[in-house]
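Contents: one structure, followed by commentary.
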Amino acid sequence: MAAAKPTLTDSLSFCLAQLTAAAGEVLGGGKDTATNETPLGRALLALRTRHVKAAGGIERFRARGGLRPLLALLRRAAAAGPAPSQAGPGSAPSSAESATSAGPAPSPGSAPSAASSSAPSPPARLRKTLDLALSILANCCTEGACRTEVRRLGGILPLVTILQCVKTDSIQNRTARALGNLAMEPESCGAIHSAGAVPLLVESLTACQDSQCLQSVVRALRNLADSPQHRLALAQQGAVRPLAELLAAAPDPALTLALVRALLELSRGCSRACAEQLSLGGGLGPLVSLASHPKKAVREATILILANLCAQGLVRPALGNAGGVEVLLGELRRRRGPSGAGPASQQPLVRAVCLLCREAINRARLRDAGGLELLMGLLRDPRASAWHPRVVAALVGFLYDTGALGRLQALGLVPLLAGQLCGDAGDEEEEGREAASWDFPEERTPERAEAGSFRSLRSWLISEGYAAGPGDISPDWSPERCPPPPPPPEPAEPTSPTLGPTSLRTPRALRTPGRSPAATPEEPWGREGPALLLLSRFSQAPDPSGALVTGPALCGLLAYVTGSPGPPSPRALRILARLTCNPACLEAFVRSYGAALLRAWLVLGVAPDDWPTLRARPARRQHRELGEMLLQNLTVQAESPFGVGALTHLLLSGSPEDRVACALTLPFICRKPSLWRRLLLDQGGLRLLLSALTRPAPHPLFLFFAADSLSCLQGLVSPTVIPALPPPIPLDLDPPSPCLYEPLLGPAPIPAPDLHFLLDSGLRLPAQRAASATASPFFRALLAGSFAEAQMDLVPLRGLSPSAAWPILHHLHGCRGCGAALGPIPPPGQPLLGSEAEEALEAAGRFLLPGLEEELEEAVGHIHLGPHGGPESVGEVFRLGRPRLVAHCARWTLGPGQCPRKRALALVGLVEAAGEEAGPLTEALLAVVMGVELGGKGSSLEC
């Protein structure tokens, strides 16, 4: 086949020459364009179909200067187009706007002032020229360099003029497409807004019937919504309502996609105007329906639009009526599923669901649709910790929904709230005034009168303790916010119950200086405020023990009270006081070791994290006073007839764990001697507690609580005469007693030894037979009896090391307190089992030397349980198994003035050393608590 014959239009230079000539003729104003229309039309067609669409064609067209004559041609065509016959909603750019947006090429004439829906169609040749020129310009504006050049040459104003004057669908389509491409750059977008294109595009939405034209206009509006300011301007100029009306008309799929994409951009940071227009345009129902669209792009954009709309309280009730609550919950549940998306995609849905909780009608729908379970799942998810404050604030909306509160309590909300008090979750993002609950819509009048329903609500809030006084609540009050009271009026002005709008919708804060001294002090309202409000609501139930008097809940409250950097919220203190004053909570405080926890954390300053690691965290005076007050409340409940019956039932008929917990708690909350003696001594509560020490601990702080309980009980039993620690042997302070054995060790001993003891090591120790025989029945029989050793001058002593034999020889010769007993005792920190001290004690018992045993035991107590000893030495001493040392260990552990942490650590060591043989430990502790001396090895106490 022969090659096609080349034509003049194949040359870019020819086409540009035709374009330049046409623009020059018009600018000169001397020729009729009808004679040159055909060459110009062929050139424009070639530029559109071949040159611009070729690879690199747009760049070559721009580099050869094609944009300037193209824009000049558009100016000429716009000026030659039909003028509108009547005023419309759009306004043409003024001369000032023209000077601002125009570039080097000035406009040949001013544009008409208004558009008309009934303007006559332009001539066919002119329409064809505009079609081709606008198509070329729109294609060129797909590249950034051309967009910049068009803006520099002032090409935006002619496009706006064409949009205003020529109402043909094809011309409107290509003009909107060119403006949409130009709007992809922020500078051009601002110039288009300034040129007044938005009202003209909005008018095209209602006037055009062609789907392609509508898609181009919708796209242009979407690209013009590139910033919050521009989105607000579009909404204020009525761009949202026509989009919503088109969407409600069930358009074709392509236009539907374009509409939802445009509405998604316009609804970002949704303004009040945007929400109002979308609702008035009937777009809520179609949007909810499109949430189940088969096309993913339409479905996801629609869901995000619904989420954005939730930022406006005025539209949330209508959105809920349209089914938006169920749609958003279902989508959030899907995204949180195993195959769902990441946390970033869940964030707008979480925000929307939380905002929906601000209206009562939507809360009911959310509760019925399983939203409470979904919100609880978010609170349990550590990956969603950044949203936890928002979720807790949303749950405050259910403050008066008894059914929802019961469901939330059953789902475990209380311990999660307690954990929120001192958690590291991020602060809740502050919402605007428009996001406030629409259950309390703002009034447009400057002054408002209180309605009777509000007065009733306020009276109930004050009676229940949610508000401190009439000024603490406003008609705009909603559960998710507790606004501070308004500033007090000037003395010269009468008091008015009406609050200004500036005092509403603001989070609580500490009252600033300068307020009237007569005003009530303001409670702090920080990030923990919503959680405390919910906990306070739970604490007002008739029996809140099942939810609040538990280990996690009490730990959360106490951690907040003691760990708050500033003064804690008085609401937290009221919660604790309310719980301790409720008789229904007494048994729960006993079962959960709550009373012991209050005393340890507040009075003694030992938190669970401080045990067993010793930390320098002294108890503050205000914390100690709070703890004593709470324990006094529990004491009042325990000593009442109801409390006596409850404690007696727990101790006698409760489960084994409850009986132990009751016995441990009684010394903290019982001050009547008749009560604690009957329960602990007569009915065996004390022995029950002591026997539980060596069993598996029912609580992480059980041994700490037990040591403190036994110490308190010891103070109750002996309030005036408390057994003191035995005075240590002052070997290192007073001069030692004279040593009677030392003269035998010199080179000229006086008197001369008549006996030597031979040790296993070969060492010979001198001795006096008469002194040794009279010191012990063993040596009397050995040295003065009928045994062969009575006739021997060298008597072997088997199984005895030199260090263990040394105090024995001193004792045989009458030494008492000469310091020889300290020789075999290792320093603190070294084990006593297997040491020379244990060997010496064993030898003293084998050789029937009770005085030496006592002296060695006192030496062990002096070194390991004296001023330089620590709680870790108590268990080592106990392991020796000596009755006097066991009693000494018990006295050291429960001694007066002992540090609570050291006392507990010593008890831990005793329990570990006792193992399964709990009898000696139980008897020793019982003797110390009862204030009696433990007798011989077989003695026991009855209680």
Side-chain angles (χ1 to χ4, degrees), residues 590 592-615 617 619 624 627 631 657 660-670 676 680 685-718 722-725 864-865 869-879 886-915 918 920-931 934 943:
V590 173
S592 64
Y593 297 90
L597 184 66
L598 292 175
R599 173 175 166 80
W601 207 324
L602 297 176
V603 179
L604 303 180
V606 179
D609 292 340
D610 301 338
W611 172 259
T613 305
L614 300 181
R615 292 188 182 183
R617 187 188 295 185
R624 184 171 59 253
L631 289 175
E657 294 80 8
V660 172
C662 182
L664 185 145
T665 307
L666 281 171
F668 301 139
I669 61 175
C670 288
W676 60 258
L680 290 176
L686 178 57
R687 281 198 174 273
L688 184 65
L689 173 61
L690 293 175
S691 63
L693 294 178
T694 55
R695 294 199 293 266
H699 191 279
L701 293 178
F702 176 74
L703 291 179
F704 183 93
F705 296 158
D708 190 29
S709 177
L710 293 174
S711 177
C712 289
L713 181 59
Q714 181 186 14
L716 293 175
V717 173
S718 305
I722 302 177
L725 294 176
H864 287 265
L865 302 179
E872 64 278 355
S873 299
V874 176
E876 287 295 324
V877 175
F878 184 86
R879 284 186 174 90
V886 169
H888 197 167
C889 290
R891 286 193 297 271
W892 191 97
T893 301
L894 302 180
Q898 189 65 269
C899 171
R901 293 185 178 90
K902 290 184 177 180
R903 178 187 297 121
L905 289 173
L907 184 60
V908 171
L910 289 175
V911 171
E912 293 177 351
L921 176 61
T922 300
E923 295 297 331
L925 293 174
L926 185 60
V928 173
V929 169
M930 299 302 298
L934 189 63
C943 68

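Numbering starts at 1 and runs along the sequence shown.
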Would you indicate whether the side-chain heavy atoms of [Y] and [X] approach each other to under 4.5 Å?
X: Phe702; Y: Leu693; result: yes
X: Leu921; Y: Val886; result: no
X: Arg599; Y: Phe705; result: no

Look up atom [atom1] in [X] and atom [atom2] in [Y], then write down how far apart they are to the nearest 0.5 Å.
X: Leu703; Y: Leu664; atom1: CG; atom2: CG; result: 10.0 Å
X: Leu710; Y: Thr893; atom1: CG; atom2: OG1; result: 10.0 Å
X: Cys899; Y: Leu604; atom1: SG; atom2: CG; result: 9.0 Å
X: Arg879; Y: Leu910; atom1: CZ; atom2: CG; result: 9.5 Å
X: His864; Y: Glu872; atom1: NE2; atom2: CD; result: 10.5 Å
X: Ile669; Y: Cys712; atom1: CD1; atom2: SG; result: 12.0 Å

Backbone N or O of [Y] within a donor-acceptor pair of the [X] side chain at under 3.5 Å?
X: Arg903; Y: Leu894; answer: no
X: Gln898; Y: Trp892; answer: yes
X: Thr665; Y: Cys662; answer: no

Q) Is Arg687 salt-bridged to Glu923, going by a charged N under 4.0 Å from an acidic O? A)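 Between Glu923 and Arg687 there is a salt bridge, with a charged N closer than 4.0 Å to a carboxylate O.
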
Q.
Let's go through Phe704 and Leu905 carefully: what are the C-alpha distance in whole Å and the side-chain angles of both, what is the deciding distance for side chain to side chain contact (heavy atoms under 4.5 Å, CB included) to 0.1 Å, and is it a yes or a no?
A. CA-CA 8 Å; Phe704 183 93; Leu905 289 173; over 6 Å; no

Give me the atom names and distance for the closest heavy-atom approach of [X] to [Y].
X: Leu597; Y: Pro608; value: CD1-CG, 4.2 Å
X: Leu716; Y: Pro667; value: CD1-O, 4.0 Å
X: Glu657; Y: Tyr593; value: O-OH, 4.3 Å
X: Ala890; Y: Leu925; value: CB-CD2, 3.9 Å
X: Gly605; Y: Arg901; value: O-NH2, 3.4 Å
X: Ala904; Y: Ala707; value: CA-CB, 3.9 Å

Q. Val660 and Arg695: side chain to side chain contact (heavy atoms under 4.5 Å, CB included), yes or no, with the steps?
A. CA-CA 11 Å; Val660 172; Arg695 294 199 293 266; 4.0 Å; yes

Q | Phe668 and Leu598: CA distance, side-chain angles, deciding distance, side chain to side chain contact (heavy atoms under 4.5 Å, CB included) verdict | A | CA-CA 10 Å; Phe668 301 139; Leu598 292 175; over 6 Å; no

Q | From CA spacing to verdict: side chain to side chain contact (heavy atoms under 4.5 Å, CB included), Cys889, Leu865 | A | CA-CA 8 Å; Cys889 290; Leu865 302 179; 4.1 Å; yes

